[in-house]
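Indexing begins at 1, ligand by ligand and atom by atom, following the structure's order. Position 1 is the first residue of the sequence, and the numbers go up from there.
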Amino acid sequence: MFQHLDAYAGDPILSLNEAIQKDPRPHKVNVSIGIYFDDAGRIPVLDCVRQAEAQMLAEGSAKPYLPIEGAAAARSAVQALLFGAAHEAVASGRIATLQTIGSSGGLKVGADFIARWFPGSGIWVSDPTWDNHRAMFEGAGLAVHTYPYYDAATGGVKFDAMLQTLSDLPARSVVLLHACCHNPTGVDLSREQWRELCAVLKQRALLPYLDLAYQGYGDGIEEDAFAPRALAEAGLSFFIANSFSKSMSVYGERCGALSLVCPDAAQAERALGQLKATVRRNYSSPPLHAAGIVARVLGDPALRAGWEADVSAMRERILAMRRRLHALLTARLPGRELGYFLSQRGMFSYTGLSPAQVDRLREEFGIYLIRSGRICIAGLNSGNVERTAEAMAEVMR
Ligand code: LMR
């Protein structure tokens, strides 16, 4: 019955995460997947999350299905987080928000919605982008193209080429943008570049789709929400899929949301209806436990304050590791341009290492990076950063 099935080649990120679990070497280093590890190499359980869960357990409430669109408290907390509670788009009810299964669930629901309601639209993603974007949108039946983004020569953005490509797209083309902490490069647009980009998106009547998976890991929780606010202020209609996996360290709980910012409340109501229809056809409704965590941590002032402090601490630890890695590599590779480790933001840096160099790091030193050369700085700690730098310098010489 199933002999005609192709073997699955494996996912470029998740397969590595499985391989490292099986690696018996005690000094292996996981700098592949986008997960925040603390200085002891553990995935932290944030105190605010622990307290929210304790409250839920103590209440001992029943476990009904959530509505298709998710819990109202979680949905409105997401809108306030992304745009500010007093934002005109929130107050006027022109944002349709669903709680989703992580932001991946949101991306997929949005992709299916586009395939159904914008059947002629292609989607343009940055070159490069998160490995799963292409698979996800192609899986929904959309044609996926790229726009220029990362400039290997400067370690920055090919901004003029990016704008030029977007300026030539047909109206209603979908443009996927990383709201902050670009994955995989760590190279973000400046605020001035976002403003220029908004003007092009508006002028060409394009449909932006923001992916905000690393809020708080760039410059701060509020600061990292600059892009959705800039797009809303420019009068654009757009999608935004956001995740709490990294910012609340709740990866397996699948806490995420999808919002569609619409021109007015009537269109938002229709959009919400069709997004609900899409969810019902896919997985019916989102998880109850995830809604409880998000609504409580964002809605309770004490838990919220604890969360904000934890996010700052995680961001600062990554910045410290960036500085340490940069210093160690600079000492070992004099004359080499390595400033990108300091200027890039979020969990990732794009090292420029070739697949062969990445393979050597894994095989000889037990250091796991993605084969694109992306390193997850959040996997470094005071116990492994020197060994990692030593090995990287060895393969880069
Ligand atoms: C990553 O890019 O490593 C993360 O977003 C995890 C994933 O699902 O790929």
Hey, is ligand 1 close enough to Ser32 that some N/O pair sits below 3.5 Å? no

Heavy-atom contacts with Ile33 under 4.0 Å: which atoms of ligand 1 show up? List them by number with element. 3 (O), 6 (C)

Residue portion contacting ligand 1 (non-hydrogen atoms closer than 4.0 Å) for Lys246: side chain

Using a 4.0 Å cutoff against the non-hydrogen atoms of Asn183, which atoms of ligand 1 qualify? 2 (O)

Any luck finding a side-chain donor-acceptor pair between His178 and Thr129 under 3.5 Å? yes

Give the residue, atom name and distance (to 0.1 Å) of the protein heavy atom nearest atom 9 (O) of ligand 1. Trp130 NE1, 3.0 Å

Distance under 4.0 Å to a non-hydrogen atom of Arg374: what atoms of ligand 1 satisfy this? 1 (C), 2 (O), 3 (O)

Please tell me whether Tyr340 and Tyr350 form a close aromatic pair, meaning their ring centres lie under 6.0 Å apart. no

Side-chain (Ser190) to main-chain (Gln193) donor-acceptor, under 3.5 angstrom: yes

Heavy-atom nearest neighbour of atom 3 (O) of ligand 1 within options Pro184, Gly34, Ser103: Gly34

Output the distance between atom CG (Leu46) and atom CE (Met248), rounded to the nearest 0.5 Å. 8.5 Å

Would one find more than 12 heavy atoms of other residues, nucleotides or ligands at under 6.0 Å from atom CZ of Arg397? yes

Closer than 4.0 angstrom, basic N to acidic O: yes or no for Asp112 and Lys108? yes

Does the ring centre of Phe365 sit less than 6.0 Å away from the ring centre of His27? no

Is the contact between Ile13 and ligand 1 made by the side chain, the backbone, both, or neither, using heavy atoms and a 4.0 Å cut-off? side chain

At under 4.0 Å between heavy atoms, is it the side chain or the backbone of Tyr214 that contacts ligand 1, or both, or neither? side chain

For ligand 1, is any non-hydrogen atom under 4.0 Å from Ile35's backbone (N, CA, C, O), its side chain (CB onward), both, or neither? neither

